[in-house]
Amino acid sequence: MAAHGTAERQGMTNSMLGFILFLASEVMFFGGLFAAYFIARADAPAWPPPLTPEQIAEGVHLELEVLLPAISTGILVLSSVTMQYAVWQIQKGNQGGMLWGLFISLALGIVFLAAQLYDYTQLHFRADDTIYGTTFYTLTGFHGAHVAGGALFIAVVTVRALGGQFTAENHEAVEASSMYWHFVDVVWIALFTVLYIIK
Amino acid sequence: MLGMPLRRRLRLFVATVTAALLALLATGTASAIQPRGITDEAHLMNDLFWIVTIAGLVVFGLVGAALVYAMIRYRRQNDELPPQFHGGGKIEAAMVGVPVLIVIGLFTISMIILVQIDDKAQDEALTIDVTGFQFSWQFAYNLNDLGTNTDPNAEGTIAVIGTPANDPILYMPVDEPVEFLLKSNDVIHSFYVKDFLYKLDLIPGRVNSFTVTARETGDFSAQCAELCGTNHALMRFTVRVVERDEFDAWVAAEAARQLGDGALVSTSGTQGD
Amino acid sequence: MATVAVPQLSGYHRPAVLDWIMTVDHKRLGILYLYFTLFFFAVGGILALLVRTQLAVADNSFVGNDAYNQIFTMHASAMLFLFIIPVWAGFGNYLVPLQIGAADMAFPRINALSFWMLPPAGILMFAGFIVDGGAADGGWTAYSPLAQQTGVGMDMWIIAVIVLGMSSTIGAANFLVTMFRMRAPGMTMFRMPIFCWTMLVTALLQLLATPVLAAALVMLFIDRNYGGQFFDPNGGGNVVLWQNVFWFYSHPAVYIMILPGMGIVSEILPVFSRKPLFGYKAFVFATIGIGGLGFSVWAHHMFTTGSVLLPFFGFMTFMIGVPTGVKIFNWLGTLWGGSISFPTPMLFAIGFVSMFLIGGINGTYSAAVPVDFALHDTYFVVAHIHYVLFGGSVFAVFGGLYYWFPKIWGRQLNERLGKLHFVLMFVGFNVAFFPMHMLGLDGMPRRIAVYADSAGWEALNMLSTGGAFLIAVSMIPFLIAVVMAFMRPKDQPDDPWEANTLEWATTSPPPDYNFDSLPPVRSERPLFDARHGDEAH
Ligand code: HEA
Ligand code: HEA
Ligand code: CUA
Ligand SMILES: [Cu+2]
């Protein structure tokens, strides 16, 4: 009965393909937000947009410090490396190496989130202070939420790894979480470049 | 009809439906003749409309005829299996080639016409500032910018402001280019004059403009064409195209009414300043 | 019933309702989708009748201006988001695994999740009618800044549409994996039934376009609720931005709404012409072409904003006529030289071809930019919408229902009633929507609750309203036919139509795991091969 149809093809599993498709839709979601940012910025007469006297009186100013986010970027990139390290280790069957990779990535991810939250408290503008504030918080906020989701994913994988669930042949969840993590990393690099570097 | 054999009933049905459709189509296009438009730009657009209509009718006629023909000619008559062809290179190439040609033709013509319609306003054109708001219009005339043939340049603006209950009237002179500047401060509206065969949106945060030259005098009803809230349907106005002297007289009267007697010295050829 | 000892799971039986609620079977989910979407077709239709009643005469005060805006907004929202888009997921769920010879979808549980996201979203959207300020009333396009002025019903609408979008995105991933990886032996991509191909391209469009709509809706939600300035020029935002992002989704979405219908038509026409689909590969490439081009034409909805590249978008829009024309010729070529019979599914399929042709041609009017300056936001566009979506998609829905009814429910719908249904619907449809062309040319804007007597639009509007009610009447024979069918035993053979594709190789309705055995698949018509041997090629 089940001889037909369910026979899976060579190569990646159904779940992996499904996961990749899901990532594609995530890319399009961020693509939409980025496109909005670019259109708004290209069309604005000045960037950052001028503030009203009331806003200036309240002490609003539209500026970003680069140092802390630059360090955060380094941390996130590093965590991508350690995540990939975890994948390579388990591909070789080294559970211990994988665990280290996972732990460190998770820790770095959490540091990144903390730094991001701290950075928010240092800013002199809010989401309702011009399109500048709105796009900034929307983009970084949705990214942060995805980092948090990715960290949760890694945490679950770590717990399963502690239970010894992954082997050289069977470690799809590790690969999926690492792909997801690379994805949020790449989005961040794009965000960092666009929001902090291109002034 | 019920006593007929199925095939004849079917054929009759098909024929009736086709006839009805063609009749509808014919009336449809016939009634399309009515809004010929009153501006140079509208006349261009009307030419394009007819070109597209003819192309569309030809495509519809050929495809429709082939469809009806196939349905009648190849209806099932016996249980034999018809020849099983799957398609062939040449026919398939034609399926792409012919539409590509039609499409390129139509596109080229529409671009030529678009460029002609888009001819930018000459500096001397009369400018009317149109502001849309929920739910009516304001038409403002700068007395300094009343167009080529006006002598009396003076400071100040006159404005016509409507209410949903009281539709405003937009005065414009015939036979000369008039530029419209479109603005909005609340939501998007659309400045739509049926007899211009044209509309353009009023978008908060930007100014849109277009120029037309009207060729007929008279009153033409118009209204907002972009959903803008509760009373969108009531955002109507009238375009009154008049001869130049009549326009000048109207401006003078309005200026006197809105700005006081001295505002406009004269409208009948005496130099203002 | 049977007295012989059949091995059975003994003991506890779940109540049937629970069985349906807990099901992860693609066929049952497909049926749930169909019930759900047809219900919202009726809801959307009743709202349309309110619209038509209001517009029947000049200066009418049947419903107020505010209520009118809510009614047509919710009419379109129901028809698009709760009927047409998910109805294809319904057909797809039922048919794709059967047509490719699989036992189920790739991810049955996720499949169930996709379906169960719909009812809460539908309820949320319609609950707008009972809150302060009423339901969403900015049109289904929710143009900003207008969409920021209205009440909480708009927030409910936004959330509902986001949820519906998520449902269709994960559903799309499910369809793609199913078709890429679950095909029966011998079922190569180019032997997949055409309906599957159209579902595949549709799923790709959903996967890539729907998240962009989600992004747009999120921005709108932020502007409405958290002081965002995306669409507010006073804060440096950009009003037209909404339209760009919205249409980036919503133009591909119109192909999401039509491609599976084209697939259904391409299943029906060959069967009742007793010929293969003419130019199978050309059809597949045309489908892919429409999908691809569909991403590059969005600004044709914005020609009158004065802020888009008119030549580029005009050209791309014209170009979409080319692959679509290929399909029209595929269908003609299929009929040509065939041996054509006209049972109800075939009538709806031919109805589709002819009415969609009109809808495509009147869409081409708007591709000619200067013509669109006149026609945009008039009833000419409303005519276009309904010729493609009703004359196209809805005709395909009914064609598909009549065609697969025996397979899904094991019973046949009455032919006489079916033909009556078709004739009434076809006539009613044309009477309702053809006059809208003339109204549009005569300058009647869309989305207006009232028009002045002096405008001279009353006669045609009255005619159109009559047609709309005729469409409603046409549903009566359909409903009678359904009730009559359900009162009969399940007596349908596996393959009542002498069809071509695998779903007809199993019983009607199919057993839990779909197939006891599969015929060999050596072409896109395995059942035809089985019936006639290979010599008939
Ligand atoms: C199922 C849905 C569907 C489909 C398939 C289409 C198909 C097309 N649509 Fe339509 N459209 C809508 C649904 C759809 N549309 C909706 C809902 C709106 C309104 C949205 C709103 O504002 O609310 C809209 C609005 C809309 C507009 C904006 C109008 C305006 O607001 O001013 C335009 C403009 O170009 C357009 C164009 C087209 C074109 C060119 C096609 C083409 O795909 C059609 C191609 C088909 C053919 C051309 C016929 C067959 C071809 C041949 C026989 C070959 C030979 C023909 C030629 C060479 C021309 N559509
Ligand atoms: C799939 C899409 C779809 C479908 C099927 C329809 C179907 C219909 N539409 Fe709709 N329509 C749209 C999509 C659709 N529409 C869209 C996208 C818009 C634009 C909205 C906007 O501007 O934002 C629009 C706008 C629109 C307008 C313009 C409103 C305006 O601009 O002011 C009008 C006006 O006449 C209209 C009429 C109708 C009518 C009469 C039908 C009829 O064909 C409906 C027929 C159906 C029935 C009559 C229901 C039958 C069922 C029963 C009678 C109940 C039986 C009971 C049970 C089964 C329990 N529609
Ligand atoms: Cu202003 Cu509609
Ligand atoms: Cu479109």
Side-chain angles (χ1 to χ4, degrees), chain B residues 10 21 24 28 31-32 34-35 45 48-49 52 56 59-60 63-64 66-67 70-71 74-76 80-84 86-87 91-92 95-96 99-100 103 106-107 110-111 113-114 117 187-188 190 192 194 197-201 203-205 208 221 223 225-233, chain C residues 65-66 139 143 145-146 149 233 239-240 274-276 278-280 282 304-306 310-311 314-315 318-319 321-322 325-326 328-329 332-333 335-342 353-354 357 361 364-365 368-371 373-374 376-377 430 434 437-438 441-443 445 447-450 536-537:
Chain B
L10 202 86
L21 270 181
L24 269 172
S31 85
Q34 265 153 10
M45 151 27 201
L48 179 60
F49 174 87
V52 177
V59 170
F60 177 77
V63 175
L67 186 67
M71 283 166 63
Y74 299 109
R75 68 195 182 279
R76 186 165 303 179
E80 244 169 75
L81 198 62
Q84 299 291 302
H86 291 256
I91 319 180
E92 288 181 18
M95 298 190 321
V96 180
V100 166
V103 156
L106 287 181
F107 171 73
S110 33
M111 283 308 117
I113 297 209
L114 179 65
I117 290 180
V187 299
I188 306 177
S190 192
Y192 175 35
K194 175 183 91 184
L197 299 178
Y198 190 81
K199 69 177 67 65
L200 191 61
D201 295 350
I203 299 177
N208 273 335
S221 56
Q223 75 187 94
E226 181 67 58
L227 178 64
C228 52
T230 310
N231 285 336
H232 159 61
Chain C
N65 294 355
D66 254 334
Y143 275 16
L146 178 63
Q149 290 187 342
V239 169
V240 188
R274 307 188 75 200
K275 277 180 63 220
F278 177 84
Y280 171 99
T304 64
T305 57
L310 302 175
F315 183 70
F318 269 125
M319 283 308 283
V322 175
V326 168
I328 299 263
F329 300 131
L332 279 179
L335 294 171
W336 209 265
S339 169
I340 309 172
S341 55
F342 296 96
V353 176
S354 53
L357 177 67
I361 290 173
T364 308
Y365 276 73
V369 179
V371 178
F373 288 157
H376 174 68
D377 270 339
N430 279 293
F434 201 88
H437 291 108
M438 286 91 108
L441 291 168
D442 198 26
R447 297 172 164 180
I448 56 169
V450 287
H537 274 283

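A, B, ... follow the sequence lines: proteins, then strands. Residue 1 opens every chain. Being a predicted model, the structure only gives us computed values, none of them experimental.
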Quiz prompt | Partner chain B: residue of C:Pro311, C:Ala368, C:Gly325 with the largest heavy-atom pair count (under 4.5 Å) | solution = C:Pro311
Self-check item: C:Asn65: side-chain hydrogen bond (donor to acceptor under 3.5 Å, both in side chains) partners, not counting sequence neighbours
Solution: B:Asn231
Quiz item: Do the side chains of C:Val369 and B:Ser110 get nearer than 4.5 Å, heavy atoms only?
Solution: no
Self-check item: Engaged part of C:Leu332 at the chain B interface, taking heavy atoms whose separation is under 4.5 Å
Solution: side chain
Quiz item: What residue, out of C:Trp336, C:Tyr280, C:Phe278, has the most heavy-atom pairs lying under 4.5 Å from chain B?
Solution: C:Trp336
Exercise. Supply the atom-to-atom distance C:Arg447 CZ to B:Cys228 SG, rounded to the nearest 0.5 angstrom.
Key: 11.0 Å
Quiz item: Where does B:Thr230 contact chain C at under 4.5 Å (heavy atoms): side chain, backbone, both or neither?
Solution: both
Quiz item: Nearest heavy-atom pair of C:Pro145 and B:Pro204: which atoms, and what distance?
Solution: CG-CG, 4.1 Å
Self-check item: Check: C:Lys275 side chain, B:Gln84 main-chain N or O, donor-acceptor pair, under 3.5 Å
Solution: no
Quiz item: Which pair of heavy atoms, one from B:Pro99 and one from C:Phe329, lies closest together, and at what distance?
Solution: CG-CE1, 3.9 Å
Quiz item: Could you give the distance from CG (C:Leu310) to CG (B:Leu114), rounded to the nearest 0.5 Å?
Solution: 5.5 Å
Quiz item: Do C:Thr305 and B:Asp201 have side-chain N/O donor and acceptor atoms under 3.5 Å apart?
Solution: no
Self-check item: Any side-chain heavy-atom pair of C:Ile448 and B:Gln223 under 4.5 Å
Solution: yes
Self-check item: Side-chain heavy atoms of C:Leu146 within contact of B:Ile188, under 4.5 Å
Solution: no
Quiz item: Sequence neighbours excluded, which residues qualify as side chain to side chain contact (heavy atoms under 4.5 Å, CB included) partners of B:Val59?
Solution: B:Val63, B:Ile102, C:Ile361
Quiz item: Which atom pair, heavy atoms only, marks the closest approach of C:Ala449 to B:Ala233?
Solution: N-CB, 3.6 Å
Quiz item: Side chain, backbone, both or neither: which part of C:Leu335 has a heavy atom under 4.5 Å from chain B?
Solution: both
Quiz item: Taking C-beta and beyond as the side chain, do C:His376 and B:Tyr192 meet within less than 4.5 Å on heavy atoms?
Solution: no
Quiz item: In Å, rounded to the nearest 0.5 Å, how long is the span from CZ of C:Phe342 to CE of B:Met71?
Solution: 4.5 Å
Quiz item: With a 4.5 angstrom heavy-atom cut-off, which part of C:Val239 approaches chain B: side chain, backbone, both or neither?
Solution: side chain
Quiz item: Which heavy atom of C:Asp377 sits nearest a heavy atom of B:Glu226, and at what distance?
Solution: OD2-OE1, 3.1 Å
Self-check item: chain B interface, residue from C:Pro276, C:Gly314, C:Gly306, C:Gly333 that has the most non-hydrogen pairs under 4.5 Å
Solution: C:Pro276
Quiz item: Given a strict heavy-atom distance threshold of 4.5 Å, which part of C:Tyr143 is in contact with chain B: side chain, backbone, both, or neither?
Solution: side chain
Quiz item: What is the minimum heavy-atom distance between B:Gly205 and C:Pro233, and which atoms define it?
Solution: CA-CB, 3.6 Å
